[in-house]
Amino acid sequence: MHVEVIKCIAYGPVNQEENIFLHRVFDLPFAPFEGLKLVHGDWAEEVESVEWDVEEQFFTCWTEYDETYLGQFVDDDTLRTLVATYTGSGWEETEEHHDPDR
């Protein structure tokens with residue numbers, strides 16, 4: 001069963017208009033659920049929320065450990081380094097996300 005996991009890097013001065021979203025697809029032998037701890041190599045995070053896309057037939061999970069730098073100055077080099085750390089381990093940057101509340 002394909003599960004898309006989405007991670008958010010929030011870095012705007014006050015709001016979340018400048019968020020970066022990363023995603024990764026995992027295969028699970030069962031439906032994901034809130035509280036499930038996903039572990040892959042050095043990465044481990046707990047699932048905070050789960051959505052089922054009826055039309056596309058896949059689950060989307062949001063993790064609880066989003067990187068948040070709201071109200072902090074984060075220069076482009078630091079931000080790109082953080083994103084490169086994730087993309088280097090299999091995450092992909094995406095412009096869209098499925099949760100309108102995020």
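Just so you know, these numbers use all the heavy atoms, side chains as well, and skip hydrogens, waters and symmetry mates.
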From Glu51 atom CD to Cys61 atom SG, the distance as rounded to the nearest 0.5 Å: 9.0 Å
side-chain contact (heavy atoms from CB on, under 4.5 Å) partners of Ala84, counting only residues at least two apart: Thr87
In short, Glu34 meets Ser49 closest at the heavy-atom pair CG-CA, 3.8 Å
What residues, two or more places apart in sequence or in another chain, satisfy side-chain hydrogen bond (donor to acceptor under 3.5 Å, both in side chains) together with Trp52? none
Measuring only between side-chain heavy atoms, which start at C-beta, is Leu36 closer than 4.5 Å to Leu28? yes
Honestly curious: do Val39 and Leu22 fall in one hydrophobic cluster under the side-chain, below-4.5 Å linking rule? no
To the nearest 0.5 Å, tell me how far Asp42 CG sits from Ser89 OG. 9.0 Å
Does the side-chain contact (heavy atoms from CB on, under 4.5 Å) test come out yes or no for His23 and Ile6, once each step is laid out? CA-CA 4 Å; His23 76 106; Ile6 298 178; 4.2 Å; yes
Test item: Trp43 and Thr63 side chains (from C-beta on) under 4.5 Å apart, heavy atoms: yes
Rounded to the nearest 0.5 Å, how far does CZ of Phe59 lie from CZ of Phe30? 10.5 Å
Residues that His40 engages under ring pair (Phe, Tyr, Trp, His ring centres under 6.0 Å), provided they are two or more places apart: Phe26
For residues 21-30, pull every pair meeting salt bridge (charged side-chain N to carboxylate O under 4.0 Å, His left out), keeping only residues two or more places apart or in separate chains. none
Between Phe58 and His2, what is the shortest heavy-atom contact and its length? CB-O, 4.1 Å
Listing request: all salt bridge (charged side-chain N to carboxylate O under 4.0 Å, His left out) pairs with a residue in residues 77-93, at least two apart in sequence or in separate chains. Arg80-Glu93
Are Trp91 and Thr85 close enough that some pair of their side-chain heavy atoms sits under 4.5 Å apart? no
Please enumerate all residues that pass side-chain contact (heavy atoms from CB on, under 4.5 Å) together with Glu55, with sequence neighbours excluded. Asp53
